[in-house]
Amino acid sequence: MKRYITILFILGLLMPFSVYAQKKKSKKNTKKPVVEIVQEDPRIAQMLEATQKIMFIDSLVVDSADFMRFIPIAKDCGTLVQNNNLGQFTNELKDFRLTTVFDAKDSISHICVSDYIGNTWTTPVAAKGINKEASANYPFMMPDGTTLYFSQKGANSLGGYDIFVTRYDGSEGTFLKPENLGMPFASTANDYFFAIDEFNNLGYFVTDRHQPQGKVCIYVFIPNETRQVYQSEAYSETELRALADINCIAKTWDNSNLRKTALNRYREARQTANVTRQKVISEFSSELDDLRHQAEVLNKALRMARNYYARANKSERQTLRSEILKSEQELEQLQLEIRKKEKAEQNDTLLQ
């Protein structure tokens with residue numbers, strides 16, 4: 001449906017508006033018997049000294065195949081979907097999407113970008129600036145529309161997947177060079193997902209470290225306003241490694257009141273998510289939902305056109321009149337089709 005673009009294009013001419021796997025090195029002893037010595041990646045020691053001080057308030061072990069449905073981010077943060085172990089993120093405005101696409105030719109998954117234009121999603125295109133030689137997955141973009149977190153494995157990770165952060169450079173149309181988020185969000189295991197819910201002041205981190213096959217642990221934490229690190233001189237190496245590996249979340253509870261209030265926010269977020277989860281998971285997945293979204297977008301454009309028409313001059317009104325009438329007719333057809341599909345869906349439910 002091109003009506004939405006047409007009417008907005010005409011409005012744009014009439015008035016100004018802006019659119020906003022750790023690489024292991026082994027050294028074999030030539031003496032008999034041969035003993036294989038595994039040398040630790042030197043980056044581990046470097047990251048260890050810069051381990052972030054994070055309070056992890058709770059954790060939950062779930063199946064790795066559908067962990068995203070247990071992450072109750074606020075709807076204002078966007079929508080998360082997981083399908084066949086591939087992640088998808090759609091922003092709150094529902095006009096921008098990051099989708100993980102598996103390329104069977106090179107057996108690598110890529111994070112791709114698509115936009116909602118003309119009442120349809122554009123074909124996903126690989127995000128510029130993100131290494132295409134290594135598999136990437138589970139994108140999450142902050143509400144600022146610039147900061148992107150995702151997981152990737154390859155030369156820059158310690159083992160399997162690590163968490164990386166990058167920012168979008170609008171002037172160049174590409175993402176800046178991603179940086180490894182470091183410990184405790186990096187390990188020799190698979191660290192899959194990282195997100196910060198600014199509206200509930202909660203963070204979520206998903207990893208398979210210390211978990212059996214097919215399981216992951218979701219760690220809930222309190223985001224820091226500024227980066228804080230453990231003072232290495234105050235801890236033994238064993239203690240620091242345990243904190244970096246999240247061996248015991250209770251060791252991070254240095255403020256009981258802060259944890260208590262955060263747990264209350266987490267419980268409230270879960271209750272809200274339980275009420276809306278089915279709607280969120282299925283959004284854009286069915287033809288009926290897509291038709292409803294088309295009608296909503298077209299209706300918004302019509303309201304804008306009508307508001308402008310009320311204060312437009314004679315020539316402007318002549319330009320807008322026919323487009324408004326055509327859009328009204330198209331909206332009426334959409335609403336009729338929606339009612340037909342709703343009725344059909346109700347009949348199917350009665351027959352079950």
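Between Gln152 and Ala136, the closest heavy-atom pair is NE2-CB, 3.8 Å. Of all heavy-atom pairs between Ala273 and Pro72, the closest is CB-CB, 3.5 Å. Contact detail for Ala186 and Asp162: the closest heavy-atom pair is CB-OD2, 3.8 Å. The two residues Ala244 and Met183 come nearest to each other via the heavy atoms CB-SD, 3.7 Å. Of all the heavy atoms in Ile338 and Ala295, the pair that sits closest is CD1-CB, 4.0 Å. The nearest pair of heavy atoms linking Pro124 to Val101 is CB-CG2, 4.4 Å.
Checked by atom type and distance alone, the side chain of Arg265 pairs as donor or acceptor with a backbone atom of Asn201 at under 3.5 Å. Judged by distance alone, with hydrogens and angles left aside, the side-chain atoms of Arg259 form no donor-acceptor pair with the main-chain N or O of Asp58 at under 3.5 Å. Within the 3.5 Å criterion, the main-chain N or O of Arg69 finds no donor-acceptor partner in the side chain of Asp66. Between the Asp115 side chain and the Ile117 main chain, no donor and acceptor come within less than 3.5 Å of each other. A donor-acceptor pair under 3.5 Å is absent between the side-chain atoms of Arg321 and the main chain of Glu316, judged by distance alone. Of the possible polar contacts, none joining the Asp169 side chain to the Leu176 backbone as a donor-acceptor pair under 3.5 Å is found. Checking side-chain atoms of Thr319 against main-chain N and O of Ser315 turns up a donor-acceptor pair under 3.5 Å. No donor-acceptor pair under 3.5 Å is formed between the side chain of Asp208 and the backbone N or O of Gln211. Using modelled atom types, one side-chain atom of Gln82 and one backbone atom of Phe67 make a donor-acceptor pair closer than 3.5 Å.
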Verify ring pair (Phe, Tyr, Trp, His ring centres under 6.0 Å) between Phe221 and Phe185, making sure each step is shown before the conclusion. CA-CA 11 Å; Phe221 64 93; Phe185 304 112; 5.4 Å; yes
In sequence, state the C-alpha distance, the side-chain angles, and the governing distance for Ile54 and Thr252, and then conclude on side-chain contact (heavy atoms from CB on, under 4.5 Å). CA-CA 7 Å; Ile54 302 290; Thr252 69; over 6 Å; no
Given the rule in the side-chain contact (heavy atoms from CB on, under 4.5 Å) test, do Lys75 and Thr272 qualify, once you have shown the distances and angles that lead to the verdict? CA-CA 10 Å; Lys75 64 178 182 179; Thr272 302; over 6 Å; no
side-chain contact (heavy atoms from CB on, under 4.5 Å) evaluation trace for Asn83 with Gln88: CA-CA 8 Å; Asn83 186 27; Gln88 181 185 86; over 6 Å; no
Between Leu181 and Asp191, does a side-chain contact (heavy atoms from CB on, under 4.5 Å) hold up when you go through it step by step? CA-CA 11 Å; Leu181 208 55; Asp191 304 312; over 6 Å; no
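Residues Glu296 and Arg292 are not paired through a salt bridge, judged by the lack of any N-O separation under 4.0 Å between the basic side chain and the carboxylate. The existence of a salt bridge linking Asp254 and Lys53 is confirmed by a sub-4.0 Å separation between a basic side-chain nitrogen and an acidic carboxylate oxygen. Electrostatic pairing of Asp103 and Lys105 does not count as a salt bridge here, judged by no charged N lying under 4.0 Å from a carboxylate O. A salt bridge links Asp63 with Lys215: at least one charged nitrogen is closer than 4.0 Å to a carboxylate oxygen.
The environment of Gln213 atom CD is sparse: at most 12 non-hydrogen atoms of other residues, nucleotides or ligands sit within 6.0 angstrom. Within 6.0 Å of atom CG in Asn84, 12 or fewer heavy atoms from other residues, nucleotides or ligands are found, so the atom counts as exposed in its surroundings. Within a 6.0 Å sphere centred on CD of Glu332, other residues, nucleotides and ligands contribute 12 heavy atoms or fewer. Shown here is Glu92, whose CD atom has more than 12 heavy atoms of other residues, nucleotides or ligands within 6.0 Å.
The shortest distance between side-chain heavy atoms of Val206 and Ile218 falls below 4.5 Å. Within the 4.5 Å cutoff, side-chain heavy atoms of Tyr149 are placed close to those of Ile196. In this structure, Ile44 and Thr188 have side chains that are in contact, with non-hydrogen atoms separated by less than 4.5 Å. With contacts defined as side-chain heavy-atom distances shorter than 4.5 Å, the pair Phe199/Pro143 qualifies. Looking only at side-chain heavy atoms (C-beta outward), Arg306 and Glu328 come within less than 4.5 Å of each other. In this structure, Asn190 and Val216 have side chains that are not in contact, with every pair of non-hydrogen atoms separated by 4.5 Å or more. Residues Ser114 and Phe96 have side chains not in contact (no heavy-atom distance under 4.5 Å, counting atoms from C-beta outward). A 4.5 Å side-chain heavy-atom check between Thr99 and Trp121 finds every atom pair outside the cut-off.
Linking ILVMFWY side-chain heavy atoms closer than 4.5 Å, directly or via other members, places Val229 and Leu48 in two distinct hydrophobic clusters. Cluster membership for Phe194 and Leu60, using ILVMFWY side-chain heavy atoms within less than 4.5 angstrom, is shared. Connection of Leu86 to Leu80 is not established within any shared hydrophobic cluster, with ILVMFWY side chains joined at heavy-atom distances below 4.5 Å, either directly or through further cluster members. Met142 and Ile130 end up in the same hydrophobic cluster when Ile, Leu, Val, Met, Phe, Trp and Tyr side chains are linked at under 4.5 Å. Cluster membership for Ile108 and Phe150, using ILVMFWY side-chain heavy atoms within less than 4.5 angstrom, is not shared.
Between Tyr192 and Tyr138, the angle of the ring planes goes over 60°, which puts this pair in the perpendicular group of the 30/60° scheme. Ring-plane geometry between Phe56 and Tyr219 is classed as perpendicular, the angle between the planes exceeding 60 degrees on a 0 to 90 degree scale with a lower cut at 30. Taking the six-membered ring where tryptophan is involved, the planes of Phe140 and Phe193 are perpendicular, since the angle between them exceeds 60° and thus also 30°. Taking the six-membered ring where the residue is Trp, Tyr204 and Tyr266 present tilted rings, their angle falling between 30° and 60°.
Side chain to side chain, Thr100 and Asn137 meet the donor-acceptor criterion of an N or O pair below 3.5 Å.
Atom CG of Asn85 is separated from atom CE of Met68 by 10.5 Å, given to the nearest 0.5 angstrom. Taking CG from Asn131 and NZ from Lys177, the interatomic distance works out to 10.5 Å, rounded to the nearest 0.5 Å. The CG atom of Leu331 lies 12.5 Å from the CD1 atom of Ile324; values are rounded to the nearest 0.5 Å. Put simply, CD1 on Ile71 and CG on Leu202 are 12.0 Å apart, with the number rounded to the nearest 0.5 Å. Distance check, rounded to the nearest 0.5 Å: CG of Leu325 to CD of Glu323 gives 9.5 Å. From Cys217, atom SG reaches atom CD1 of Ile246 across 8.0 Å, with rounding to the nearest 0.5 Å.
Shown are Arg97, Gln294, Lys94; of these, the side chain to side chain contact (heavy atoms under 4.5 Å, CB included) with Tyr116 is made only by Gln294.
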